[in-house]
Amino acid sequence: MGLPSSAAFGLLHVLGLLVPIAVSPPVSRKALFTEFFPDSRAEGLEVEVVREVTFDPLEDRWQAAQHHGSDDELMRGALAYTRFDYPSTLEIAGMIMVSMENFSIQRHGVVRNQTNSFSIFSPYMVGDFQPEKHSSKQECMPASDCKHVESSLLLIGEYGWLWQHFMQDLLQKLAFAVDTLKGDDSFSVLLDSASPRSVRKIIELVLGRKDPDIVDIDSWCIQPPFPQCRWQVHVSRLFIAEAFPGPLPRALGWPSPKFLRLAQHRIADSIPKPIKRAEPDQTILYLGRGSRETCSLTARCVQNEQELLQELNWLALAVSDLPESAFRGEVDDIWPHRGTHTLLEIAAAVQRAWGVLAPHGGQTYNLIFARRGTVFVEFVPALDPAHSFSVHAFAASLGLRHWILPVPGASHAVCDLPLCFPLLG
């Protein structure tokens, strides 16, 4: 099928993105935890509200994605429910940060003190698990080592140890907390011990601290099947940042444009100068997931990846010959999951790109490094609504010019030969 030439030249169209925000003044009040976390089962737990931010549902929105006219039927059919075709209002009312004293993190993601407990995760993951109570003299459960922390931000979520889910669900919470606690470098970050180096580097960049204080929570405590904790963490003052009403179902991934952009700006400011270029190159970057040979290993691979790259190179040369083009005529390609590039090398490639192309997947969250106005073309599975997902809310919140290229017959997760991405028929 190839990338339609009309779509390629249409990528120069700029999408606007207006996200005014109503920010409440700093507050210091007591509130019941269930006021903002109604599914937490924490009846009677009182917390200190550190900050509240509310969004205007009529103004806080991101712009629609672009698509080629020939894909209208697919966009209205298999992809209709994903809200690509009109400006989408936020699905969250705002963000809140609360603090509480003397809590420990236990098995099944349960957080408790001597009298109260709540779950980090939604009830379906915790089920009927009953937290183990401890005596007034014990800050952690018996038979486990205990790490003591004075002040820390809880940065844990369902599947939050994975790069894509950290970027989708937890990054904006980190940015909100940093903005709320600006000037305070004393708080640490509580993180799943299975979190990869890329996640830890993002935390360092957002905090703006070299070697930040990251305290690992034992994955055995908070990942299924929840075996016995090897160690626990007790926090004298625990901060929790969350979108409300919450906790929202993890799969929604609705971002706050303001705080995603704040993270974007802090990351850009923290990237070392030898990596970041003052005058970005005008390249096309392809972020791959896998080819025909690796389809059995990688979901949403592109069967004819080499043919696609060849087509992109020809297109790049054609565009660079146009008199009005500032495009340099080069195509870079990176497969982040292969581990051949460091996170900062990926950041440099994304930052200097005029446009980024990628099949839907976790590698697209490297767009956090992109410049505002960068063109992003996402190949989206269009087998049926149950298998059609996009990172549109994330990309649009960052001010990218997002194009959707739906692929009929392609599935989100299944990689049998007919269901992987046959992009160039």
Side-chain angles (χ1 to χ4, degrees), residues 1-5 7-12 65-68 163-164 167 198 275 277 280-295 297-320 325-371 373-381 389-392 394-395 398 400-407 410 415 420-425:
M1 178 169 61
L3 186 67
S5 58
F9 291 109
L11 297 179
L12 296 173
Q66 299 276 28
H67 66 275
H68 193 253
W163 161 259
Q164 58 268 39
M167 300 298 288
S198 55
I275 299 291
R277 303 190 183 191
D281 299 327
Q282 297 297 322
T283 61
I284 288 178
L285 174 64
Y286 176 73
L287 292 175
R289 288 180 63 83
S291 61
R292 180 183 290 106
E293 291 72 25
T294 60
C295 259
L297 304 175
T298 308
R300 277 156 280 123
C301 62
V302 175
Q303 290 183 1
N304 47 357
E305 207 165 46
Q306 293 307 310
E307 294 92 333
L308 172 63
L309 289 172
Q310 186 177 25
E311 290 280 330
L312 286 176
N313 275 286
W314 282 112
L315 175 64
L317 289 174
V319 173
S320 64
S325 176
F327 186 68
R328 199 179 67 175
E330 291 188 7
V331 176
D332 294 332
D333 49 87
I334 295 177
W335 290 261
H337 69 281
R338 294 181 182 175
T340 56
H341 294 71
T342 67
L343 185 67
L344 289 182
E345 288 172 337
I346 296 172
V350 173
Q351 190 269 337
R352 65 174 177 255
W354 167 81
V356 179
L357 292 87
H360 172 74
Q363 81 284 6
T364 58
Y365 286 96
N366 287 291
L367 289 165
I368 190 67
F369 304 113
R371 292 170 289 134
T374 298
V375 173
F376 168 46
V377 180
E378 181 184 18
F379 314 146
V380 174
F389 301 95
S390 169
V391 296
H392 172 59
F394 184 84
L398 297 176
L400 307 186
R401 292 179 281 166
H402 188 201
W403 282 74
I404 297 291
L405 181 60
V407 182
C415 272
C420 289
F421 282 179
L423 288 177
L424 301 171

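Both backbone and side-chain heavy atoms feed into the values below; hydrogens, waters and symmetry mates do not. The model shown is predicted, which means the values in this text are computed figures rather than measured ones. Throughout, numbering of the chain's residues begins at 1 and tracks the sequence.
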Within-4.5 Å side-chain heavy-atom neighbours: [X] and [Y]:
X: V302; Y: Y286; value: yes
X: I404; Y: Q66; value: no
X: V407; Y: P381; value: no

Minimum heavy-atom separation for [X] and [Y], please, with both atom names.
X: W354; Y: T374; value: O-CG2, 3.6 Å
X: I368; Y: M167; value: CG2-CE, 3.6 Å
X: S390; Y: H392; value: OG-N, 3.0 Å
X: L400; Y: A370; value: CD2-CB, 3.8 Å
X: P336; Y: G288; value: CD-O, 3.8 Å

Looking at [Y], is its backbone amide N or carbonyl O close enough to the side chain of [X] to form a donor-acceptor pair, meaning the two atoms are under 3.5 Å apart?
X: T283; Y: L285; answer: no
X: R289; Y: A358; answer: no
X: R401; Y: G373; answer: yes

- [ ] On the 0 to 90° scale, with breaks at 30° and 60°, tag the H402-F376 ring pair as parallel, tilted or perpendicular.
- [x]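 Rings of H402 and F376: parallel, as their planes differ by under 30°.
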TODO: Would you please test L357 and L312 for side-chain contact (heavy atoms from CB on, under 4.5 Å) and show each step?
DONE: CA-CA 10 Å; L357 292 87; L312 286 176; 3.8 Å; yes
- [ ] Evaluate the criterion side-chain contact (heavy atoms from CB on, under 4.5 Å) for residue pair F379 and L308; output intermediate values, then yes/no.
- [x] CA-CA 12 Å; F379 314 146; L308 172 63; 3.8 Å; yes
Task: Under the side chain to side chain donor-acceptor pair (under 3.5 Å) test, residues paired with Q164 that sit two or more places apart - done: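 By the side chain to side chain donor-acceptor pair (under 3.5 Å) rule, Q164 matches no residue at all.
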About how many Å separate [atom2] of [Y] and [atom1] of [X], when rounded to the nearest 0.5 Å?
X: L367; Y: L398; atom1: CG; atom2: CG; result: 7.5 Å
X: I346; Y: Q351; atom1: CD1; atom2: CD; result: 14.5 Å
X: I334; Y: T340; atom1: CD1; atom2: OG1; result: 7.0 Å
X: L343; Y: W163; atom1: CG; atom2: CH2; result: 5.0 Å
X: W335; Y: E305; atom1: CH2; atom2: CD; result: 5.0 Å
X: I284; Y: E330; atom1: CD1; atom2: CD; result: 11.0 Å

- [ ] Report the C-alpha separation of H360 and V391 in whole Å, then their side-chain angles, then the decisive distance to 0.1 Å, and conclude whether the side-chain contact (heavy atoms from CB on, under 4.5 Å) test is met.
- [x] CA-CA 7 Å; H360 172 74; V391 296; 3.8 Å; yes
- [ ] Report the C-alpha distance between V356 and V377 in whole Å, list the side-chain angles of each, state the deciding distance to 0.1 Å, and finish with yes or no for side-chain contact (heavy atoms from CB on, under 4.5 Å).
- [x] CA-CA 6 Å; V356 179; V377 180; over 6 Å; no
